[in-house]
Amino acid sequence: MTEYTVADLLADPGRAGERVTIEGWVRTRRDSKAGVSFVHVSDGSSPQPIQVVAPSDLDNYQSEIVELTSGCAVRAAGQLVESQGKGQALEIRAESVQVVGWVEDPETYPIQPKRHSMEYLREVAHLRPRTNLIGAVTRVRHTLAMAIHQFFHDRGFYWIHTPIITASDCEGAGEMFRVSTLDLANLPRTPGGEVDFSQDFFGREARLTVSGQLNVEAYCLAMSRVYTFGPTFRAENSNTRRHLAEFWMAEPEIAFADLQDDVDLAEAFLKSIVTRVLEERQDDMAFFDRWVDKGCISRLEKLASSQFERLRYGEVVERLRRSGRSFEFPVEWGADLQSEHERYLTEELVGRPVAVTDYPKSIKAFYMRQNDDGDTVAAMDILAPGIGEIIGGSQREERLDVLDARLAELGLPAEDYWWYRDLRRYGTVPHAGFGLGFERAMQYITGVDNIREVIPFPRAPNQAEF
RNA sequence: UCCGGCGUAGCUCAGAGGUAGAGCAGGUGGCUGUUAACCACCGGGUCGGCGGUUCGAAUCCGUCCGCCGGAGCCA
């Protein structure tokens, strides 16, 4: 491995004159019969490749260097010098260029130095990180993940590694993937003819988690400020640019806190992580701003500096009605907001993220805290222009009697929730939390349309090739 | 899952009943401190699969498969 990355070298003009080695993959090669070849080499560390100038008197010039094509892996050593040409400040005057790995058939190498469609690149997901776009996404994704951890760490939160496999069927947030070691071709049966899950690995039905929330609540009521950050799974047959079967979520949970604390946290959180990305990945953000979503930088700057609009669900319904706008789905108290409503609200009525609170209890989960009006719960969604719901959260029902009444109302067996109920029996406190869709945040930040481009290997219906 | 659209060269696309096209990529040669390089020439195709209509189908019809967009579910 080399001492410096391409990013290191390009970042510091003071290093000119040093003898350096870089390793990476060829983007383009141009020959000048005046006696040099220009080889752009990228190692993933920066949106810009470094230009390696290979003089024709190198031993392997004719035999190898002029044969280099996009995708070849090389190791180049030489002096870092100021460039004679335009387009880059520094370049490497090569004293050696070693070919580490050839491209087997340049004509069919899937990543060519040109624009490719996103759909095509998805078919070569193993090679697409070599493109400018996916490279930029990858660096921003890393930075965003680090920013999330940093935000929570700075505020005394503990990262809780909640389980991926859950044996309780009580999460209730959509279809779940089953986890089983049973022989599908020869399932054990109970006398009644049902599948006998007592013979399965966990001795009961097990699934992939749809949220770490219930588990993280347990740690919240001991550690006070906690969060989860990891993959979650939904087996919904969703075919949209905003859904994945496997995606990442960040879910903080705070004790001794109410819904306002929750919204405050969400707002500070979004502003912080966005600011961090803007600061640390100026180069990549400039790329997105230029090629993907013109204006995305100013949109993020605006988000970081302006106050979020806060509206109660009832107020939203009123304002949508009064707007005079006709919608495909009518706006009615008690019905969930449709995509078109959310869009109109965030993109036209308000023009920035909106925190909508206090939804009707009939359209929200059992664990959300009932308001005094009896009709609504202390829920909140943060809606962002362009992608809709980016954060969903609530104050949790901490009163055992109210929680039990709600479970009964929904026909959910209290015994399935025994340990969740225990948290209300032993030192219960008001607490709240929310979930941030990590890929949704990536979409919002980069302006990349399809969620399948902001995760390395997307999982969606009929999509698990890589 | 529902509605709509699209599958043509390695890639991006044009062609809409009558011999399969362009740009880029690749090869060869020329030119050049180049940078989406340029000029000339060359190779490259089961027109997504199957069936039908027709003298003749990439083109029209049916069906299946795949992908994309919107909706629903949600993050």
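In what follows, chains are A, B, ... by sequence order, proteins preceding strands, each numbered from 1. From a predicted model like this one, the values you see are computed outputs, not experimental measurements.
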Student: Paired with rU63(B): which nucleotide, if any, by Watson-Crick or G-U wobble criteria at under 3.5 Å for both distances?
Tutor: rG49(B)
Student: Rounding to an integer number of angstrom, what distance separates rG69(B) and rU54(B) when you compare their P atoms?
Tutor: 40 Å
Student: Just N and O in the side chain of R452(A): are any of them under 4.0 Å from OP1 or OP2 of rC68(B)?
Tutor: yes
Student: Using the C1' atom on both, measure rU32(B) against rA14(B) and round to a whole Å.
Tutor: 33 Å
Student: So what does T240(A) hit on the nucleic acid, given a heavy-atom distance under 4.0 Å: a base, only sugar-phosphate, or nothing?
Tutor: base
Student: Identify whether the distance between the nearest side-chain nitrogen and carboxylate oxygen of E315(A) and R319(A) falls below 4.0 Å.
Tutor: no
Student: Classify the nucleic acid contact of E389(A) as base, sugar-phosphate or nothing, counting any heavy atom under 4.0 Å across all strands shown.
Tutor: sugar-phosphate
Student: To the nearest Å, how far apart are E328(A) CD and rG70(B) C1'?
Tutor: 10 Å
Student: What is the distance, to the nearest angstrom, from the CZ atom on R290(A) to the P atom on rA36(B)?
Tutor: 10 Å
Student: Classify the ring geometry of H149(A) against W159(A): parallel below 30°, tilted from 30° to 60°, perpendicular beyond 60°.
Tutor: tilted
Student: For atom C1', what is the distance between rC50(B) and rA57(B), given to the nearest Å?
Tutor: 15 Å
Student: Ignoring hydrogens and angles, answer whether the base of rG66(B) and the side-chain atoms of E123(A) contain a donor-acceptor pair closer than 3.5 Å.
Tutor: no
Student: Is a salt bridge present between R369(A) and D258(A), judged by a nitrogen-to-oxygen distance below 4.0 Å?
Tutor: no
Student: Could you give the distance separating rG56(B) and rC39(B) at their C1' atoms, to the nearest angstrom?
Tutor: 41 Å
Student: Taking the side chain of E91(A) as heavy atoms from C-beta outward, which of rC24(B), rG33(B), rC67(B) is closest to it?
Tutor: rG33(B)
Student: In residues 333-349 of chain A, what residues come within less than 4.0 Å of RNA chain B, judged by heavy atoms?
Tutor: Q338(A), S339(A)
Student: Can you tell me the distance, in whole Å, between the CD atom of E251(A) and the P atom of rC74(B)?
Tutor: 15 Å
Student: Between rC11(B), rU32(B), rG26(B), spot the one nearest the side chain of S32(A), thanks.
Tutor: rU32(B)
Student: Figure out the CD/C1' separation between E119(A) and rU12(B), and round it to whole Å.
Tutor: 12 Å
Student: For atom C1', what is the distance between rG21(B) and rU8(B), given to the nearest Å?
Tutor: 10 Å
Student: Under the criterion of centre distance below 5.5 Å and interplanar angle below 30°, is F247(A) classified as stacked on the base of rA75(B)?
Tutor: yes
Student: Does E439(A) come within less than 4.0 Å of R452(A), counting only side-chain N to carboxylate O?
Tutor: no
Student: Is there a side-chain contact between S238(A) and the phosphate of rC73(B), meaning an N or O under 4.0 Å from OP1 or OP2?
Tutor: no
Student: Check this for me: does any side-chain nitrogen of one of R234(A) and E175(A) sit under 4.0 Å from a carboxylate oxygen of the other?
Tutor: no
Student: Y444(A) ring centre to R299(A) NZ or CZ under 6.0 Å, with the angle to the axis within 45°?
Tutor: yes
Student: How many whole angstroms separate atom CZ of F329(A) from atom P of rA71(B)?
Tutor: 9 Å
Student: Please classify the nucleic acid contact of N450(A) as base, sugar-phosphate, or nothing, using heavy-atom distances under 4.0 Å.
Tutor: sugar-phosphate
Student: Suppose you measure atom P in rC6(B) against the same atom in rG62(B); what distance do you get, rounded to whole Å?
Tutor: 14 Å
Student: In whole Å, what separates the C1' atom of rG43(B) from that of rG27(B)?
Tutor: 7 Å
Student: Identify the nucleotide, in any strand shown, that forms a Watson-Crick or G-U wobble pair with rU12(B), with both distances under 3.5 Å; if there is none, say none.
Tutor: rA22(B)
Student: Could you tell me the separation between the CZ atom of R234(A) and the P atom of rG72(B), rounded to a whole number of Å?
Tutor: 16 Å
Student: According to the Watson-Crick and G-U wobble definitions, with both distances under 3.5 Å, which nucleotide is paired to rU28(B)?
Tutor: rA40(B)
Student: Less than 6.0 angstrom separating the ring centers of Y367(A) and Y420(A), yes or no?
Tutor: no
Student: Please figure out whether Q463(A) or H243(A) has its closest RNA chain B nucleotide nearer the 5' end.
Tutor: Q463(A)
Student: Rounding to a whole Å, what distance do you find between Q443(A):CD and rG69(B):P?
Tutor: 10 Å
Student: Considering only heavy atoms and no angle criterion, is a donor-acceptor pair shorter than 3.5 Å present between the side chain of H116(A) and the base of rC11(B)?
Tutor: no
Student: Rounded to the nearest 0.5 Å, how far apart are CD of E389(A) and CG of L436(A)?
Tutor: 10.5 Å
Student: With a non-hydrogen cut-off below 4.0 angstrom, is Q112(A) in contact with a base, only sugar-phosphate, or nothing?
Tutor: base
Student: How far does the P atom of rC64(B) sit from the matching atom of rG4(B), given to the nearest Å?
Tutor: 14 Å
Student: Do any side-chain nitrogens or oxygens of N239(A) fall under 4.0 Å of OP1 or OP2 in rC73(B)?
Tutor: no
Student: Starting at atom OH of Y120(A), determine the distance to atom P of rG10(B), rounded to an integer number of angstrom.
Tutor: 10 Å
Student: At 4.0 Å (heavy atoms only), tell me whether T232(A) reaches a base, stays on the sugar-phosphate, or touches nothing.
Tutor: nothing
Student: Over 60° means perpendicular and under 30° means parallel, so tell me whether F287(A) and W291(A) are parallel, tilted or perpendicular.
Tutor: tilted
Student: Give L244(A) one of three labels, base, sugar-phosphate or nothing, depending on what nucleic acid heavy atoms sit under 4.0 Å from its own.
Tutor: base
Student: Considering just the side-chain nitrogens and oxygens of R242(A), establish if one lies under 4.0 Å of OP1 or OP2 belonging to rA71(B).
Tutor: yes
Student: Suppose we call a contact any N or O donor and acceptor under 3.5 Å apart; does that hold for the side chain of R440(A) and the base of rC74(B)?
Tutor: yes
Student: Does rG69(B) have OP1 or OP2 under 4.0 Å away from a side-chain N or O of R241(A)?
Tutor: no
Student: Which of these, F151(A), F229(A), Y227(A), sits in a ring pair (Phe, Tyr, Trp, His ring centres under 6.0 Å) with F269(A)?
Tutor: F151(A)
Student: With H40(A) as reference, evaluate R27(A), Q48(A), Q51(A) under the side chain to side chain donor-acceptor pair (under 3.5 Å) test and give the passing residue.
Tutor: Q51(A)
Student: Of P106(A) and Q88(A), whose nearest nucleotide on RNA chain B comes first from the 5' end?
Tutor: P106(A)
Student: Return the nucleotide paired to rG69(B): Watson-Crick means purine N1 to pyrimidine N3 with N6-O4 or O6-N4, wobble means G-U with N1-O2 and O6-N3, both under 3.5 Å.
Tutor: rC3(B)
